[in-house]
Peer 1: 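Have a look at this one.
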Amino acid sequence: EGYARINKRFNDLAKSTESIQYVYAYKILEDGCHVVFDADTPDTPDTPDTPSAPDTPKAETLYHVPFEDVASILIENEFGTVEIVSDISFVYTIKGFDKPIDDDTIASVVVTATEVDYTQIIAENCTDLAQYGLAKPLAKFTVTDRSGNSKSFLVGNASADGRGAYLCEDGKNTVYLTNQYVSDFT
């Protein structure tokens with residue numbers, strides 16, 4: 001099940017832009033570089049060397065919208081506001097950012113925002129979001145689909161072990177530990 005989720009995310013990433021041909025995950029060890037995961041590339045068998053490390057907690061999906069249904073992703077952080085807007089042919093326009101952003105970065109943002117996973121529920125009915133950096137979040141991202149439905153998330157502090165960040169849905173008080181990728185929004 002974890003392998004299928006990773007495979008889907010990698011393939012969504014690969015399909016999100018024409019500039020990506022292959023998607024691999026590598027593990028750098030003292031004895032060299034090892035392919036840990038190879039997404040479905042035409043010339044490579046679909047078998048992972050290691051689908052996940054033994055100490056990697058299983059991720060659950062908190063929110064999912066197919067990337068082709070995304071109309072926009074709004075990211076707000078201390079540096080300002082950036083909006084990634086997708087037209088019907090999946091051409092992305094960046095608003096609010098005056099420096100060039102490469103296709104790979106855009107694809108990464110889209111994949112991260114459209115599949116929000118968590119590895120642990122940290123607190124339900126939390127009355128002190130500040131202890132997780134969520135009272136004044138480091139970032140807020142909002143995904144709006146083509147039907148006009150929006151979902152917003154707050155990104156808080158990194159976890160003590162550096163494996164993730166605290167996250168909650170805007171207006172809710174359940175705190176999740178999510179993957180480290182949402183930290184890219186800060």
Side-chain angles (χ1 to χ4, degrees), residues 1-10 12-13 16 23-39 48-65 67 73-82 84 97 101-102 104-143 150-186:
E1 181 180 342
Y3 172 76
R5 178 188 305 270
I6 293 168
N7 191 43
K8 180 186 178 320
R9 286 191 81 161
F10 277 22
D12 285 349
L13 175 64
S16 66
V23 179
Y24 302 100
Y26 287 92
K27 189 173 190 177
I28 311 298
L29 299 172
E30 288 182 18
D31 66 341
C33 187
H34 302 271
V35 176
V36 176
F37 192 93
D38 176 8
D49 180 26
T50 310
S52 63
D55 61 345
T56 302
K58 180 181 172 191
E60 299 288 335
T61 300
L62 179 60
Y63 172 74
H64 171 77
V65 61
F67 75 90
I73 300 169
L74 184 73
I75 302 170
E76 303 167 83
N77 60 30
E78 68 176 315
F79 302 107
T81 300
V82 174
I84 300 173
F97 197 73
I101 300 177
D102 62 56
D104 295 342
T105 300
I106 293 170
S108 177
V109 168
V110 171
V111 168
T112 300
T114 58
E115 180 91 24
V116 179
D117 294 335
Y118 68 93
T119 55
Q120 184 179 354
I121 296 174
I122 299 297
E124 294 183 79
N125 302 313
C126 182
T127 57
D128 183 15
L129 293 174
Q131 66 182 317
Y132 304 105
L134 294 164
K136 294 181 182 176
L138 299 174
K140 176 180 177 180
F141 67 97
T142 303
V143 180
S150 293
K151 184 78 74 168
S152 297
F153 295 93
L154 307 177
V155 181
N157 297 334
S159 62
D161 63 7
R163 295 177 125 191
Y166 299 112
L167 175 124
C168 70
E169 187 177 338
D170 193 19
K172 307 277 176 133
N173 58 2
T174 298
V175 177
Y176 301 90
L177 181 63
T178 188
N179 62 45
Q180 68 275 15
Y181 304 115
V182 297
S183 298
D184 293 344
F185 297 155
T186 58

Peer 1: Under the criterion side-chain contact (heavy atoms from CB on, under 4.5 Å), I'd like the reasoning laid out for Tyr176 against Asp117: C-alpha separation, chi angles, the key distance, then a yes or no.
Peer 2: CA-CA 9 Å; Tyr176 301 90; Asp117 294 335; over 6 Å; no
Peer 1: Could you tell me if Thr61 and Glu115 have a donor-acceptor pair between their side chains, going purely by distance under 3.5 Å?
Peer 2: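 Yes, a side-chain donor-acceptor pair sits under 3.5 Å.
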Peer 1: Which pair of heavy atoms, one from Val175 and one from Cys126, lies closest together, and at what distance?
Peer 2: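 Minimum heavy-atom contact is CG2-CB, 4.0 Å.
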Peer 1: Looking at Asn157 and Tyr166, would you say the former's side chain and the latter's main chain have a donor-acceptor pair under 3.5 Å?
Peer 2: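 No; judged by distance alone, with no hydrogens or angles, the pair does not exist.
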Peer 1: Find the distance between OH (Tyr63) and OG (Ser152) and round it off to the nearest 0.5 Å.
Peer 2: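 The OH atom of Tyr63 sits 9.0 Å away from the OG atom of Ser152.
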Peer 1: Report the distance from atom CD of Glu124 to atom OG1 of Thr174, rounding to the nearest 0.5 Å.
Peer 2: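 Interatomic distance, Glu124 CD to Thr174 OG1, rounded to 0.5 Å: 5.0 Å.
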Peer 1: Does some side-chain heavy atom of Thr127 sit less than 4.5 Å from a side-chain heavy atom of Asn173?
Peer 2: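 Counting from C-beta outward, Asn173 and Thr127 never come under 4.5 Å.
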Peer 1: Could you measure the distance from the OG1 atom of Thr142 to the CG atom of Leu154? Nearest 0.5 Å is fine.
Peer 2: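 Output value for this atom pair is 8.5 Å.
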Peer 1: Please report the interatomic distance CD1(Ile84) to CD1(Ile73), rounded to the nearest 0.5 Å.
Peer 2: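 Result: 5.5 Å between the selected atoms.
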Peer 1: Rounded to the nearest 0.5 Å, how far apart are CZ of Phe185 and CG of Leu167?
Peer 2: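 Phe185 CZ to Leu167 CG: 10.0 Å, rounded to 0.5 Å.
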Peer 1: To check you understand the geometry: which heavy-atom pair defines the closest contact between Glu169 and Phe153, and what is its length?
Peer 2: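 So the two residues come closest at CA-CD2, 3.8 Å.
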Peer 1: If you define the side chain from C-beta out and look only at heavy atoms, does anything of Leu62 sit under 4.5 Å from Thr178?
Peer 2: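 Not touching, per the 4.5 Å side-chain cut-off.
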Peer 1: What is the minimum heavy-atom distance between Ala165 and Gly156, and which atoms define it?
Peer 2: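 Reported closest heavy-atom pair: CB-O, 4.3 Å.
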Peer 1: Please give me the minimum heavy-atom distance between Ser159 and Leu177, naming the atom from each residue.
Peer 2: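 Heavy atoms only, the tightest pair is CB-CD1, 3.6 Å.
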Peer 1: Please lay out, stage by stage, how Phe141 and Leu74 fare under the test side-chain contact (heavy atoms from CB on, under 4.5 Å).
Peer 2: CA-CA 5 Å; Phe141 67 97; Leu74 184 73; over 6 Å; no
Peer 1: Measuring from Lys172:NZ to Leu134:CG, what's the distance to the nearest 0.5 Å?
Peer 2: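 Nearest 0.5 Å value for the NZ-CG distance: 15.0 Å.
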